[in-house]
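First up is the structure itself, then whatever we jot down about it.
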Amino acid sequence: QVQLVESGGGLVQAGGSLRLSCAASGRTFSSYAMGWFRQAPGKEREFVAAISWGGGSTYYADSVKGRFTISRDNAKNTVYLQMNILKPGDTAVYYCAEEGRTITAYGLGYLATLRDGYDYWGQGTQVTVSS
């Protein structure tokens with residue numbers, strides 16, 4: 001059974017930084033693409049970033065490109081989201097997700113931005129950015 005546990009959220013001032021972590025267990029982590037999504041109050045869950053199984057390819061939402069960096073350590077079964085120059089609009093619950101297999105099969109791209117591309121989700125971690 002796959003389990004994903006996020007950590008690292010918190011309260012930060014605008015312009016600050018946070019690093020989220022997501023520890024995975026239950027199957028061969030290094031074989032699957034991973035993604036980060038976020039959901040603000042009253043809004044749909046939206047794509048933030050994705051990374052291929054080996055870490056060689058990444059994909060970002062336009063709203064975070066240049067500020068956020070996704071990475072992974074397959075030896076530690078962990079995916080990270082480094083968030084810099086945070087804005088109040090980044091306030092949300094952040095979720096990590098692990099794909100079924102279709103994202104890897106088709107290559108990291110549009111499918112990686114869709115919730116349907118992922119079979120497993122963490123419980124989320126709150127990020128609050130004050131102005």
Side-chain angles (χ1 to χ4, degrees):
Q1 182 178 355
V2 174
Q3 287 191 320
L4 303 173
V5 180
E6 301 97 335
S7 60
L11 174 64
V12 64
Q13 288 189 332
S17 298
L18 280 175
R19 187 197 197 201
L20 305 183
S21 299
C22 172
S25 62
R27 61 177 184 173
T28 308
F29 175 77
S30 59
S31 296
Y32 300 96
M34 300 292 294
W36 285 96
F37 286 69
R38 66 186 182 187
Q39 187 167 16
K43 294 189 176 182
E44 295 284 321
R45 193 172 298 188
E46 65 175 5
F47 170 76
V48 175
I51 188 166
S52 61
W53 61 271
S57 296
T58 57
Y59 201 78
Y60 296 94
D62 287 343
S63 59
V64 307
K65 204 172 291 183
R67 299 189 297 123
F68 291 10
T69 302
I70 188 171
S71 62
R72 65 191 297 161
D73 185 339
N74 285 344
K76 295 182 178 180
N77 289 356
T78 301
V79 63
Y80 305 98
L81 186 68
Q82 177 67 44
M83 305 185 295
N84 298 329
I85 317 175
L86 282 161
K87 305 175 182 179
D90 295 319
T91 295
V93 177
Y94 283 71
Y95 299 88
C96 72
E98 187 170 308
E99 66 156 332
R101 195 58 180 161
T102 52
I103 293 174
T104 293
Y106 287 94
L108 205 70
Y110 177 66
L111 183 60
T113 71
L114 303 179
R115 293 175 61 179
D116 287 347
Y118 301 87
D119 283 4
Y120 304 98
W121 295 82
Q123 83 289 348
T125 186
Q126 176 70 48
V127 172
T128 303
V129 184
S130 63
S131 57

>> If we ignore hydrogens and angles and just use 3.5 Å, is the side chain of T128 paired with the main-chain N or O of L11 as donor and acceptor?
In response: no

> Ion pair present between D90 and R67, side-chain N to carboxylate O less than 4.0 angstrom?
Replying inline: yes

>> Given 3.5 Å as the limit, does a donor-acceptor pair link the side chain of Y118 with the main chain of A33, or not?
In response: no

>> Run the ring pair (Phe, Tyr, Trp, His ring centres under 6.0 Å) test against F47 and tell me which residues pass, sequence neighbours left out.
In response: F37

>> For the CG atom of N74 and the OG atom of S30, what is their distance to the nearest 0.5 Å?
In response: 5.0 Å

>> If I compare all heavy atoms of A40 with all of A92, which pair ends up nearest, and what's the gap?
In response: N-CB, 3.8 Å

>> Distance check, rounded to the nearest 0.5 Å: N84 atom CG versus T69 atom OG1?
In response: 6.5 Å

> Can you list the other members of the hydrophobic cluster that holds V12, where links are side-chain heavy atoms under 4.5 angstrom apart?
Replying inline: V2, L4, L18, L20, F29, M34, W36, V48, I51, Y60, V64, F68, I70, V79, L81, M83, L86, Y94, Y120, V127, V129

>> To the closest 0.5 Å, what do you measure between OH (Y32) and OG1 (T104)?
In response: 8.5 Å

> Just checking, is any N or O donor in the side chain of S21 or E6 under 3.5 Å from an acceptor N or O on the other one?
Replying inline: no

> Given K43 and R38, is the side-chain contact (heavy atoms from CB on, under 4.5 Å) satisfied, shown in steps?
Replying inline: CA-CA 10 Å; K43 294 189 176 182; R38 66 186 182 187; over 6 Å; no

> Can you tell me how far CG of L111 sits from CD1 of I103, rounded to the nearest 0.5 angstrom?
Replying inline: 5.0 Å

>> Please list all pairs meeting salt bridge (Lys or Arg N to Asp or Glu O under 4.0 Å) that have one or both residues in residues 15-30, counting only residues at least two apart or in different chains.
In response: R27-E98

> Which heavy atom of S17 sits nearest a heavy atom of Q82, and at what distance?
Replying inline: CB-NE2, 4.0 Å

> Measuring from Q39:CD to Q126:CD, what's the distance to the nearest 0.5 Å?
Replying inline: 11.0 Å

> Within the distance-only criterion (no hydrogens, no angle test), does the side chain of Q13 pair as donor or acceptor with the backbone N or O of S131 below 3.5 angstrom?
Replying inline: no

>> Could you check whether R45 makes a cation-pi contact with W121, meaning its NZ or CZ is under 6.0 Å from the centre of the six-membered ring and within 45° of the ring axis?
In response: yes

> Does any donor atom in the side chain of D73 or T78 lie under 3.5 Å from an acceptor atom in the other side chain?
Replying inline: no

